[in-house]
Protein chains: 4
Amino acid sequence: MDETKRNRPLRADARRNRARVLDAAESVFAADGLSAAMEDIARTAGVGVGTIYRHFPTKDALFEAIIVNRYERLADDADALSAAKDPGEAFFELFTRMVDQAAAQKAFADPLAQAGVDIKASTSAIGQRLLAALERLLIQAQQARAVRDDVGLPEVIAVLSGSCHAAEYAGRDHSVRARALAIVFDGLAPPR
Amino acid sequence: MDETKRNRPLRADARRNRARVLDAAESVFAADGLSAAMEDIARTAGVGVGTIYRHFPTKDALFEAIIVNRYERLADDADALSAAKDPGEAFFELFTRMVDQAAAQKAFADPLAQAGVDIKASTSAIGQRLLAALERLLIQAQQARAVRDDVGLPEVIAVLSGSCHAAEYAGRDHSVRARALAIVFDGLAPPR
Amino acid sequence: MDETKRNRPLRADARRNRARVLDAAESVFAADGLSAAMEDIARTAGVGVGTIYRHFPTKDALFEAIIVNRYERLADDADALSAAKDPGEAFFELFTRMVDQAAAQKAFADPLAQAGVDIKASTSAIGQRLLAALERLLIQAQQARAVRDDVGLPEVIAVLSGSCHAAEYAGRDHSVRARALAIVFDGLAPPR
Amino acid sequence: MDETKRNRPLRADARRNRARVLDAAESVFAADGLSAAMEDIARTAGVGVGTIYRHFPTKDALFEAIIVNRYERLADDADALSAAKDPGEAFFELFTRMVDQAAAQKAFADPLAQAGVDIKASTSAIGQRLLAALERLLIQAQQARAVRDDVGLPEVIAVLSGSCHAAEYAGRDHSVRARALAIVFDGLAPPR
DNA sequence: CATGAATGAGTTTTCATTCAT
DNA sequence: AATGAATGAAAACTCATTCAT
């Protein structure tokens, strides 16, 4: 009815609500897994369920948005690391960060794994950016002889995904996580 | 009043149905994840829901029975391997089998991870047997210099759990799975 | 197939089972109410559910059989009392016995009330005998000036049914039950 | 963030639905007993089952709400009668009203009986109020020589509960109900 | 725009009754 | 005849999503 404000970016309070929902959803999903109820998320965010649905048409869409969010940050990280550090360090640092996130956030590892598979609209669009960054880091690290030559992106993702789960399993026990990661890193290092 | 047959193992048809339910549940859970509906399982098994509940008082109990089943077989495998092969081979062969199972069966990896944590009655009783067998294999493999000395059971479980997820991610792509596993195995090998 | 034994009364063990089921049902219904499960009754009786269904085609039929059983005994009581005691005593004694039964057995009062209403086959057949006996006692008591003249059988049944519930409510508290019953008896006594 | 309306009583439509549910539940319970299905209640109320559960978390809670409702009205009645009529009349009038309700509503008598026993939260809170009012009426009636001296509240409740059941039994037959009640009232009157 | 009440399909579980052993 | 396994129609309850306020 009111064609004055069609594609304006989003009213200030609306943007604030969107962010609050996203934060709440992230922590509720992390705590309860994917089966968390929308009402719980709404309550945590301090809004009504309707507000969630205004911003995200579907529970899946909300979840996807979280993933996209993470991927954006990780892709940013990847770019920054690529610029700031030497190739091997950059690669393993990103790997470590992702694993650390998984340790902190239940339900991080699974969607990560899916990112390489899914063709779901936005997820993969942004996922591609992350994957591309990861691949760049991998190739640079291989050229710098920090990572063995005979692995490609798919294997790295598989191992990364696995490591995230391993970290999730290790939970609060830092030393187990560290040693498990050490095994994987040794396995990724060039032979000899 | 008929004390001849008190603790009879289970009538023939009942045993057959129990097995059918277990099979059906395994494949339906594998396909749909833990949120699969009991009715689907019943339909797949070709029985009524009531039959499932006669054998397993609860959805959780059914799931647990599947896990226990798997663990039993794996523990048996572990014992057999330990007797038949040289230590290093035995260890890596068991590791590989578990990962292969995970690749085939969604929802195998997660409960595996929990086995090291949970204290839930029967699950852990049998889980302990598997873990004990795994530890035995690990120690023997270490003594045979097939596995590096500085890892303990917790790390191995973490890495194993992670590898299962990696395999789940890799899905049907055998070569990715093989290469990912190779990375982990290299990481587990003794240095040099 | 075997027409040798068509209408023979019932094999000895069958008769014994029937009685056991009836006993078990009586106590389980008393404890859990009408919603008690058939399996519980079977277990209590030490038989399989199938055996219950051999003797009673339906849960309702089983319940009815219990009621019929009680009514038979009460009708017998009524006859005996009528012969042995003076009319007033006989009437109030029967009344008291019924109320005592109700106090002991949950779910006794309700079906009693229905006996006056229901036309359900056997129940009412035997119920009629009890009601007839009750009416005889009532009339005799009225003739002996032990009960007021202006009440008929329906009122007596209503009050009796109510008293059974009152007794059920009073539960273990004997003195409350006694005083409640005293009120009713006073009300039934002839005026003055 | 909008602190204007925190503990709002209930939106207009919500209140209307709550009342409809309560009404529907009352009549469905009255017709079918406590085992009535929630769906039936929902259909009768013209709402979805979910709506019932929004207002009452449990079938028991719904039932309790009905009882509480009745008790509130009866306690109000008791207070009004106590103020408006002479003690004896007030007592017997309340008694009669409760019995009339029971005649109309199956499943009214039983919970009444429990009110004297149960300690269940809200039920008994309001139940206490009713019982207190009843006791007040009783004592006043006794002081006015309208009720015999040797009965206490427990007996009165027992008899009242019993009378409710008697009325339930009598059903539509007004004259039976009236005469049955007359018996009880005579029993409650002071001797001679 | 935000809210939270309403919806109803779908889920787990129970239990009277049937039927193969 | 007895047994107890199987059946499947309910029943209570949940929760993603829609919509009136």
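For the numbers below, each heavy atom of this structure counts, side chains included, while hydrogens, waters and symmetry mates do not. Numbered from 1 within each chain, the chains take letters A, B, ... in sequence-line order. All values derive from a computational prediction rather than experimental measurement.
In this structure, the separation between CG on B:L34 and NZ on B:K59 is 7.0 Å, given to the nearest 0.5 Å. Here OH of D:Y53 is found 7.0 Å from OG1 of D:T58. Values are rounded to the nearest 0.5 Å.
Distance, A:M38 CE to E:dG4 P: 15 Å, rounded to whole Å. Here the P atom of nucleotide E:dT12 and the CZ atom of B:F56 are 15 Å apart, to the nearest Å. In this structure, the CZ atom of B:R18 is 16 Å from the P atom of F:dT7, given to the nearest Å. If you take CZ of C:F63 and P of E:dA16, they are 14 Å apart, rounded to a whole angstrom. Taking atom CD1 on D:I41 and atom P on E:dG8, their separation rounds to 17 Å, with Å as the unit. Rounded to an integer number of Å, the gap from OH of B:Y53 to P of F:dA11 is 17 Å. As a whole-Å value, the separation of D:D40 CG from F:dA10 C1' is 11 Å. The distance between atom CD of D:E39 and atom C1' of F:dA12, rounded to the nearest whole Å, is 10 Å.
Of all nucleotides listed (F:dT18, F:dG4, F:dA2), F:dG4 comes nearest to the side chain of C:V49.
Here the side chains of D:R20 and D:D23 are not in contact, with every heavy-atom distance at 4.5 Å or above. Residues D:F56 and D:E64 are not in side-chain contact: their nearest non-hydrogen atoms beyond the backbone lie 4.5 Å or more apart. With a 4.5 Å cut-off on side-chain heavy atoms, B:V21 and B:R18 do not count as touching. The shortest distance between side-chain heavy atoms of C:L62 and C:L22 falls below 4.5 Å.
Note on D:T51: every side-chain N or O is 4.0 Å or more away from OP1 and OP2 of E:dA5. Regarding contacts with the backbone of F:dA6, a side-chain N or O of B:H55 is found under 4.0 angstrom from either OP1 or OP2. Contact between the side-chain N/O atoms of A:R54 and the OP1/OP2 oxygens of E:dA2 is found at a separation under 4.0 Å. Taking only side-chain nitrogens and oxygens, C:N17 comes nearer than 4.0 Å to OP1 or OP2 of F:dA2.
Across all strands shown, F:dA1 forms no Watson-Crick or G-U wobble pair with both key distances under 3.5 Å. Nucleotide E:dC15 forms a pair with F:dG8, judged by Watson-Crick or G-U wobble geometry with both contacts under 3.5 Å. Within the shown strands, F:dC13 is the pairing partner of E:dG10 under the Watson-Crick or G-U definition, both distances less than 3.5 Å.
Within the nucleic acid shown, D:A45 has no heavy atom closer than 4.0 Å to any nucleic acid atom. Backbone-only engagement by D:V47 is indicated by non-hydrogen atom pairs under 4.0 Å involving sugar-phosphate atoms exclusively. In this structure, D:A36 reaches the sugar-phosphate backbone alone: every heavy-atom distance under 4.0 Å involves primed, P, OP1 or OP2 atoms, never a base. D:S35 comes within 4.0 angstrom of no nucleic acid atom, judged by non-hydrogen atoms across all strands.
Heavy-atom distances to DNA chain E give each of B:G50 and B:K59 a nearest nucleotide, and the one nearer the 5′ end belongs to B:K59. Nearest-nucleotide positions on DNA chain E for B:T58 and C:A37 put B:T58 closer to the 5' end.
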